[in-house]
Amino acid sequence: MKNNDLMKNSIKQLFRKKWMSILFFCIIMLGTVFFTLGCSLWMSVQDSINRMKDSFTTIGTVTQKPDSITIEKRWDAALRKYKTTERSNYTQILSEDILNHLDVAYIHKLEKRPFYGTVSPDFITPYRANVTDGENVSGTALLMEFSPLEDCVPNGPVEVEVKKVYWGDDNPSLVGKTISFCDHYNENPEPLKAGKRYIAFSGWNIVDKHSKEAGIIEYAPIPISLGKDRTLEWGEMNADFWNTDTGEMWRNFIDEIEKLSYKAVPVTPTGSTELLIPFHEGRAAVAKGEDISAEEYDGGAKVCLVSQTFANLNHLQVGQKIRLQMYFSDYETPTVENVISTGGMVTGMFRSDILTPKGGKYDVFYEADYIVKGIYSVQSTGGESLYEFASDEIIIPSASVPEEKVRNIIAEGPMRGYNASFQIENGGINDFYKEFSKLPEASLLEITFDDKGYERFASQMNNMQTIAIIIFLVGFVSVIASSAFLLYSAIIRQRRRTAIERALGMSRRECRVSLLTGIMLLTIAAACAGGTIGGIATEKMLNAASLEEDYFSSMYSKGIAVNKDEEMSIAANQNIVKNSIVFAVSAEVLGIFAMSLFLIGRNLKVNPIQLLGVREEE
């Protein structure tokens with residue numbers, strides 16, 4: 001018998017049982033819909049996870065809580081009495097090793113970052129550039145010589161004439177101008193004599209000034225710190241002043257405050273750019289060049305990232321070398337706290353604790369040539385956040401400065417969120433807290449995590465995967481049930497038909513074709529229809545799950561500026577849908593084909609004579 005006749009006969013036999021065939025078609029189609037939908041959904045979720053897993057990082061910041069309160073009394077000249085204030089205090093400074101010894105899957109262990117005051121022969125700082133260009137530096141802090149207009153005691157505002165400004169002059173200059181001076185926080189200040197000269201480092205007294213009227217400026221002296229227990233105060237300049245020890249300390253301070261604001265920039269060492277909050281939050285990103293690699297961080301490579309502001313002022317390009325000469329370390333304050341402004345913008349460093357305890361200058365403790373690896377841009381939060389970068393801040397690998405070389409520490413303090421951070425694996429927050437809770441010092445530390453929305457994303461992905469598995473199992477069970485129903489009806493129950501065909505002289509191959517053709521044509525048609533419907537359902541379901549509020553942006557992912565319109569979402573991927581349809585249809589067709597061959601083979605092993613006397617079950 002010809003193959004065409006066999007195929008026609010097979011189809012004719014199949015449609016003798018029309019309702020059974022329609023039922024089988026519907027079951028196979030629905031099973032394929034669920035099978036395809038489950039596969040597509042699961043593969044789409046996995047694709048989203050793979051695409052987005054590198055966009056999430058879990059950063060923890062650490063803040064040590066104060067464990068005591070100190071009561072301080074300070075004289076207020078305007079109130080003519082002592083003001084009592086409470087100040088948070090720390091009886092101990094906890095080490096970062098407390099957390100680093102926890103059994104936690106760290107990517108980067110906790111680091112407590114200092115910043116290094118750093119100079120270079122060729123640096124141009126924003127403050128220096130603005131002063132050179134004649135910008136108004138506002139005169140909010142002055143290092144000056146002055147002379148009182150008359151004998152007086154500066155226990156209230158007195159008029160003095162500015163004779164000379166060593167640092168911080170206004171534009172136009174304050175030299176020759178009369179200003180108000182008050183030793184506001186000293187109950188018994190030294191008297192001033194008309195005609196004599198005095199030297200003082202002073203600043204605007206904005207909070208506690210005598211007059212609350214706008215526009216009235218009162219200058220109050222700022223003590224110069226010489227270690228923890230000693231200060232350099234304002235005083236009279238006698239004829240031999242500059243040859244005295246006090247005069248030498250003032251000369252050193254003049255040199256150092258000028259170096260600090262005109263030539264120095266803050267350099268921040270770190271073990272990873274991601275540990276710096278502006279980079280982690282996406283407000284800072286490498287705009288030119290590349291970020292410092294993990295290998296360079298670990299190996300202590302002499303590379304750095306510089307801000308666009310600093311790069312533009314100094315005409316720096318990626319690949320250039322700059323000489324960094326580090327001369328003091330600060331483990332307490334953020335880089336944006338002790339600053340001075342010009343034109344309303346923070347442009348330089350400003351602090352009074354820049355002399356040694358003996359009133360000398362700090363020498364350079366480490367210097368090296370660093371290659372500019374990248375130039376970063378940063379978007380400000382618009383507020384006064386201690387987590388911000390200074391406008392000229394430079395970032396280097398911590399390991400590039402040997403630990404034993406670091407000295408000249410002018411400030412030490414507890415861990416704070418802006419200088420203490422670590423990175424753990426995504427999804428590890430709960431495990432971290434379990435270990436952290438075992439620490440005796442846990443009550444003294446506040447841990448804050450930011451995972452860029454990973455927990456929310458992971459929750460969505462888990463829910464979607466659960467739905468995908470349920471749908472897949474429904475489809476799988478449906479396919480198995482429908483296949484068993486078909487094969488039982490079309491093969492096992494038609495053994496007599498096979499025997500008759502054999503008795504009429506048909507070969508085993510022809511018998512297989514006779515039974516298989518109708519089954520496979522119906523299976524292929526039902527599977528293709530189900531696969532198509534399943535693909536359409538997948539797209540609609542995934543698009544519904546990817547509403548506008550549920551997308552995750554890849555802008556500034558990993559600290560590299562990218563197209564802000566590039567969004568990473570749980571959306572339908574056409575290739576995945578097509579592959580899922582092909583897989584589901586192919587698996588179903590091949591599975592039924594294999595099972596049919598197996599059962600037909602068992603039928604063909606039975607002697608036809610034995611089957612001819614058996615009535616075929618309807």
Side-chain angles (χ1 to χ4, degrees), residues 74-81 131 136-213 215-226 230-258 260-262 340 350 352 354-355 358-361:
R74 192 183 193 190
W75 178 257
D76 189 314
L79 300 176
R80 307 300 301 169
K81 66 177 183 179
V131 172
N136 182 12
V137 298
S138 75
T140 54
L142 290 176
L143 180 48
M144 63 178 177
E145 285 184 26
F146 67 88
S147 181
L149 300 186
E150 60 183 9
D151 291 353
C152 57
V153 178
N155 55 5
V158 298
E159 291 189 334
V160 300
E161 180 184 349
V162 178
K163 295 295 185 179
K164 188 173 183 177
V165 176
Y166 293 100
W167 179 87
D169 200 2
D170 205 343
N171 184 21
S173 176
L174 291 172
V175 176
K177 302 287 182 64
T178 298
I179 63 172
S180 292
F181 178 82
C182 175
D183 196 351
H184 196 93
Y185 303 106
N186 187 351
E187 184 179 8
N188 299 301
E190 293 294 325
L192 299 175
K193 299 292 183 181
K196 290 191 175 183
R197 291 201 174 192
Y198 299 84
I199 188 169
F201 183 48
S202 60
W204 285 5
N205 185 358
I206 298 174
V207 177
D208 298 323
K209 66 179 182 178
H210 286 71
S211 174
K212 302 302 180 182
E213 294 182 23
I216 296 181
I217 299 173
E218 177 186 308
Y219 283 87
I222 301 173
I224 298 170
S225 175
L226 303 176
R230 187 180 173 208
T231 58
L232 178 63
E233 304 285 349
W234 69 277
E236 181 183 345
M237 301 176 69
N238 55 36
D240 198 35
F241 176 75
W242 295 112
N243 293 323
T244 65
D245 291 341
T246 300
E248 182 65 23
M249 285 190 284
W250 276 103
R251 194 188 305 277
N252 288 338
F253 185 75
I254 292 170
D255 292 343
E256 291 302 284
I257 192 68
E258 183 174 289
L260 183 69
S261 58
Y262 280 73
I340 193 166
F350 165 82
S352 62
I354 52 176
L355 295 182
K358 294 183 178 181
K361 301 178 182 180

(request) Hey, could you give me the CG/NZ distance between Leu355 and Lys361, rounded to the nearest 0.5 Å? (result) 9.5 Å

(request) Could you tell me whether the side chain of Asp169 reaches within less than 4.5 Å of the side chain of Val175, counting heavy atoms only? (result) yes

(request) For Phe253, check ring pair (Phe, Tyr, Trp, His ring centres under 6.0 Å) against everything at least two apart and list the hits. (result) Phe201

(request) Check whether any side-chain N or O of Asp151 sits under 3.5 Å from a backbone N or O of Ala194 as a donor-acceptor pair, and report yes or no. (result) yes

(request) Would you check if the side chain of Asn205 reaches a backbone N or O of Glu218 as a donor-acceptor pair within less than 3.5 Å? (result) no

(message) Tell me whether the count of non-hydrogen atoms from other residues, nucleotides or ligands lying under 6.0 Å of CG in Asp245 goes above 12.
(response) no

(request) Apply side chain to side chain contact (heavy atoms under 4.5 Å, CB included) to Ile254 and Leu143, showing your working. (result) CA-CA 8 Å; Ile254 292 170; Leu143 180 48; 3.4 Å; yes

(request) Over all heavy atoms of both residues, which pair between Ser352 and Pro223 is shortest? Give the atoms and the distance, please. (result) OG-O, 3.3 Å

(message) Quick check: closest heavy atoms across Pro148 and Leu192, and the distance to 0.1 Å?
(response) CG-CB, 3.7 Å

(message) To check you understand the geometry: which heavy-atom pair defines the closest contact between Gly360 and Asn252, and what is its length?
(response) CA-ND2, 3.7 Å

(request) Taking the six-membered ring for Trp and the full ring for Phe, Tyr or His, determine whether the centres of Phe181 and Trp234 are under 6.0 Å apart. (result) yes

(message) As an exercise, state the distance from CH2 of Trp167 to CG of Asp255, rounded to the nearest 0.5 Å.
(response) 14.0 Å

(message) Tell me the closest heavy-atom pair linking Val153 and Pro191, and the distance in Å.
(response) CG2-CB, 4.0 Å

(message) Nearest 0.5 Å, please: how far is OG in Ser147 from NZ in Lys193?
(response) 12.5 Å

(message) Would you say that Met249 contacts Ile224 through its side chain, given a criterion of any heavy-atom pair below 4.5 Å between the two side chains?
(response) no

(message) Do Pro154 and Tyr198 have side chains that approach each other closer than 4.5 Å (heavy atoms only, starting at C-beta)?
(response) no

(message) Once rounded to the nearest 0.5 Å, what's the spacing between atom CD1 of Ile257 and atom CD1 of Ile354?
(response) 4.5 Å

(message) Walk me through whether Ile179 and Met144 qualify under side chain to side chain contact (heavy atoms under 4.5 Å, CB included).
(response) CA-CA 12 Å; Ile179 63 172; Met144 63 178 177; 3.7 Å; yes

(message) Do Asn186 and Glu233 make a side-chain contact, defined as non-hydrogen atoms from C-beta onward lying under 4.5 Å apart?
(response) no

(message) Are Arg80 and Asn155 packed together at the side-chain level, in the sense that at least one heavy-atom pair is separated by less than 4.5 angstrom?
(response) yes

(message) Can you tell me how far apart CZ (Phe241) and CH2 (Trp250) are? Round to the nearest 0.5 Å.
(response) 7.0 Å

(message) Test: salt bridge (charged side-chain N to carboxylate O under 4.0 Å, His left out). Region: residues 181-192. Which pairs qualify, not counting sequence neighbours?
(response) none

(request) Give, for atom CH2 of Trp242 and atom CD1 of Ile199, the distance between the pair rounded to the nearest 0.5 Å. (result) 4.0 Å

(message) Applying side chain to side chain contact (heavy atoms under 4.5 Å, CB included) to Lys163 and Phe146, what does each step give before you reach the verdict?
(response) CA-CA 5 Å; Lys163 295 295 185 179; Phe146 67 88; 5.6 Å; no

(message) For Lys81, I'd like to know if atom NZ has over 12 heavy atoms of other residues, nucleotides or ligands within 6.0 Å.
(response) no

